[in-house]
Engineer: 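Before we start, here is the structure in question, set down as structure tokens.
Order of the sequence lines sets the chain letters (A, B, ...), proteins ahead of strands, with each chain counted from 1.
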Amino acid sequence: MTTPDVPFETGWEATRRTITRNALGVGLATGAYGISFGAVSVGTGLSVAQTCALSVLLFSGGSQFALVGVLGAGGSPVAGVATAALLGLRNALYGLRLAPLLGLRGPARLVGAQLTIDESTAMALGQPHERGARLAFWSTGLSVFVLWNLATLVGALGASALGDPTVLGLDAAIPAAFVALLWPRLTGRAPWLVAVVAAVVALALSPAVPAGVPVLVAAVAALAGLLPARGRS
Amino acid sequence: MTVGAGAAWGAVLAASVACFAIKLAGQSVPQRWLARPAVQRVAALLPVALLAALVAVQAFTGEGGRLVLDARAAGLGAGVLALLLRAPFLVVVVVAAATAALLRAAGIG
């Protein structure tokens with residue numbers, strides 16, 4: 001029973017349901033990894049309150065893990081904040097892509113900015129039409145915000161109830177979390193090369209400079225992006 | 001962690017403000033600023049460099065920044081195996097933590 005001229009509104013209803021269902025799915029998946037953030041953060045020595053504050057106020061997984069990882073390894077607060085901020089730069093690029101689509105002004109722009117993360121951006125950009133893209137952005141952003149924060153709380157309370165973090169291996173969870181965040185970005189020779197160079201530079205510097213600094217210096221490896229891209233153009 | 005509670009709160013709030021300002025800037029600056037391909041490439045590679053360096057430092061350095069191979073490295077190896085087997089994020093992290101915990105319980109690393 002296929003009609004070639006299905007009215008837009010009927011098509012929209014089905015699209016809207018799919019988008020919100022997907023947003024919920026993404027929220028649940030992100031929430032699962034929020035539990036590990038909550039647990040790992042408490043494992044590094046931050047309080048439950050500080051951990052939850054990070055998920056509410058900072059609300060960007062990679063940057064959150066970076067901050068707690070650097071502090072936990074003995075890095076200075078400045079190094080931690082700088083690493084978190086550098087990792088957060090990609091959210092600015094997402095904002096650039098989304099701004100014409102969302103067209104936000106005033107308070108809505110502030111809320112929209114806070115919700116500009118990997119997942120909400122990806123879901124929005126995956127939609128062929130503007131209306132769907134806006135719905136995908138907001139529903140994913142809000143779903144992830146609520147579930148990520150609930151999950152952080154659960155993880156933080158759980159870890160603080162269980163005691164010694166090294167017994168649970170939570171300190172090993174941190175590099176694993178970074179590798180899991182890195183993995184989908186290793187899409188070709190250039191990213192692999194940059195990753196290896198950055199890792200080697202950071203390891204080489206670690207005995208010689210204060211904790212937290214090697215990672216920031218290693219970020220310079222990303223400047224390889226300034227070299228002209230080869231092959232396809 | 002070597003910082004006190006006050007400094008930790010300072011870091012939490014400063015990082016939050018910085019990251020929010022960055023998000024807001026993206027919604028507010030003119031498009032053409034970051035439209036150049038070279039800038040896009042650097043931006044795509046920045047998290048790669050940072051995350052790779054973080055993996056290396058968090059897994060393989062010990063007291064004084066010296067290179068160390070212990071239960072964390074084994075945990076990371078197990079986590080990478082899980083990734084190769086297409087495990088989701090939470091499984092990777094749990095596998096790494098459990099591996100390290102088990103090795104430590106057995107008196108290794």
Engineer: What pair of heavy atoms forms the shortest contact from B/Ala18 to A/Ala85, and how long is it?
Structural biologist: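 Where B/Ala18 meets A/Ala85 most closely, the heavy atoms are CB-CB, 4.3 Å.
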Engineer: For A/Phe65, which atoms come within 4.5 Å of any heavy atom of chain B: side chain, backbone, both, or neither?
Structural biologist: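 Just the side chain, heavy atoms under 4.5 Å.
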Engineer: Can you see which heavy atom on A/Ala173 is nearest to which on B/Val93, and at what distance?
Structural biologist: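 So the two residues come closest at CB-CG1, 3.6 Å.
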Engineer: Quick one: which of A/Ala82, A/Ala49, A/Pro210, A/Ala190 has the most heavy-atom pairs under 4.5 Å with chain B, could you say?
Structural biologist: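 Max contact count across the listed options: A/Ala49.
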Engineer: Could you have a look at B/Pro47, B/Gly79, B/Ala43 and say which one has the most heavy-atom pairs with chain A under 4.5 angstrom?
Structural biologist: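 The option with the most such pairs is B/Pro47.
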Engineer: Going by residue number, which parts of residues 67-78 of chain B are within reach of chain A, meaning a heavy-atom gap below 4.5 Å?
Structural biologist: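 B/Leu67, B/Arg72, B/Leu76 fall under the 4.5 Å cut-off.
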Engineer: Should A/Leu203 and B/Phe60 be marked as a side chain to side chain contact (heavy atoms under 4.5 Å, CB included) after you check the CA-CA gap, both sets of side-chain angles, and the distance that decides it?
Structural biologist: CA-CA 8 Å; A/Leu203 285 176; B/Phe60 302 119; 4.0 Å; yes
Engineer: Quick one: are A/Phe178 and B/Leu50 in side-chain contact, heavy atoms under 4.5 Å?
Structural biologist: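 No, too far: nothing below the 4.5 Å cut-off.
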Engineer: Side chain, backbone, both or neither: which part of B/Leu13 has a non-hydrogen atom closer than 4.5 Å to chain A?
Structural biologist: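 Just the side chain, heavy atoms under 4.5 Å.
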Engineer: Could you tell me if the side chain of A/Thr51 sits less than 4.5 Å from the side chain of B/Val12, heavy atoms only?
Structural biologist: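 The answer is no, as the side chains (C-beta and beyond) never meet within the 4.5 Å cut-off.
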Engineer: Could you have a look at A/Pro191, A/Gly88, A/Ser60 and say which one has the most heavy-atom pairs with chain B under 4.5 angstrom?
Structural biologist: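 With the most close heavy-atom pairs to chain B, the winner is A/Pro191.
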Engineer: Does A/Leu89 offer a backbone N or O that forms a donor-acceptor pair with the side chain of B/Lys23 under 3.5 Å?
Structural biologist: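 No: the side chain of B/Lys23 does not pair with the backbone of A/Leu89.
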Engineer: Please determine, among B/Ala100, B/Ala7, B/Ala14, B/Ala101, the option with the most heavy-atom pairs under 4.5 Å with chain A.
Structural biologist: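 With the most close heavy-atom pairs to chain A, the winner is B/Ala101.
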Engineer: Contact between B/Leu54 and A/Val70 at the side-chain level, heavy atoms closer than 4.5 Å - yes or no?
Structural biologist: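 Counting from C-beta outward, B/Leu54 and A/Val70 do come under 4.5 Å.
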Engineer: Side chains of B/Leu24 and A/Arg109: closer than 4.5 Å at any heavy-atom pair?
Structural biologist: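 In short, these two side chains touch, coming nearer than 4.5 Å.
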Engineer: Report the C-alpha separation of A/Leu57 and B/Val17 in whole Å, then their side-chain angles, then the decisive distance to 0.1 Å, and conclude whether the side chain to side chain contact (heavy atoms under 4.5 Å, CB included) test is met.
Structural biologist: CA-CA 8 Å; A/Leu57 299 175; B/Val17 168; over 6 Å; no
Engineer: Kindly determine whether B/Val80 and A/Trp183 satisfy side chain to side chain contact (heavy atoms under 4.5 Å, CB included), including the steps that lead there.
Structural biologist: CA-CA 9 Å; B/Val80 169; A/Trp183 203 254; 4.2 Å; yes
Engineer: In terms of heavy-atom proximity below 4.5 Å to chain B, should A/Leu205 be classed as side chain, backbone, both, or neither?
Structural biologist: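 Neither part.
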Engineer: Looking at A/Ala66, A/Gly72, A/Ser47, A/Ala211, which one has more heavy-atom pairs under 4.5 Å with chain B than the rest?
Structural biologist: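 Of A/Ala66, A/Gly72, A/Ser47, A/Ala211, A/Gly72 has the most heavy-atom pairs under 4.5 Å with chain B.
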Engineer: Would you please test A/Leu96 and B/Gln27 for side chain to side chain contact (heavy atoms under 4.5 Å, CB included) and show each step?
Structural biologist: CA-CA 6 Å; A/Leu96 269 184; B/Gln27 295 274 354; over 6 Å; no
Engineer: Among B/Leu83, B/Val92, B/Leu46, B/Val55, single out the residue with the greatest number of heavy-atom pairs under 4.5 Å to chain A.
Structural biologist: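 Among the listed options, the one with the most contacts to chain A is B/Leu83.
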Engineer: Please state whether the side chain, the backbone, both or neither of A/Leu87 comes within less than 4.5 Å of a heavy atom of chain B.
Structural biologist: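 Answer is both: backbone and side chain atoms of A/Leu87 are under 4.5 Å from chain B.
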Engineer: Could you look at B/Ala25 and say if it's the side chain, the backbone, both or neither that has a heavy atom under 4.5 Å from chain A?
Structural biologist: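 Nothing of B/Ala25, per the 4.5 Å heavy-atom cut-off to chain A.
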Engineer: Do B/Cys19 and A/Ser63 have side chains that get closer than 4.5 Å, going by heavy atoms?
Structural biologist: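 With C-beta onward as the side chain, the pair touches.
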Engineer: Quick check: do A/Leu181 and B/Phe89 have side-chain heavy atoms less than 4.5 Å from each other?
Structural biologist: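 The answer is yes, as the side chains (C-beta and beyond) meet within the 4.5 Å cut-off.
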Engineer: If I measure from the heavy atoms of chain B, does A/Leu67 come under 4.5 Å with its side chain, its backbone, both, or neither?
Structural biologist: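 Side chain only.
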Engineer: So which residue, A/Gly69, A/Ala39, A/Gly74, A/Ala84, ends up with the most heavy-atom pairs under 4.5 Å with chain B?
Structural biologist: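 Option with the greatest count: A/Gly69.
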Engineer: Mind ranking A/Ala177, A/Ala218, A/Ala221, A/Ala73 by heavy-atom pairs under 4.5 Å with chain B and telling me who comes out on top?
Structural biologist: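 Among A/Ala177, A/Ala218, A/Ala221, A/Ala73, the one with the most close pairs to chain B is A/Ala177.
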Engineer: So do the side chains of A/Leu54 and B/Ser16 get within less than 4.5 Å of each other, counting heavy atoms only?
Structural biologist: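 Contact flag for A/Leu54/B/Ser16 side chains = yes.
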Engineer: Taking all heavy atoms of B/Val3 and all of A/Gly75, pick out the closest pair and write down the distance.
Structural biologist: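 The pair with the smallest heavy-atom distance is CG1-O, 4.2 Å.
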Engineer: When heavy-atom pairs shorter than 4.5 Å are enumerated against chain B, which of A/Gln64, A/Arg185, A/Gln114, A/Arg90 gives the highest number?
Structural biologist: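 Highest number of pairs under 4.5 Å: A/Gln114.
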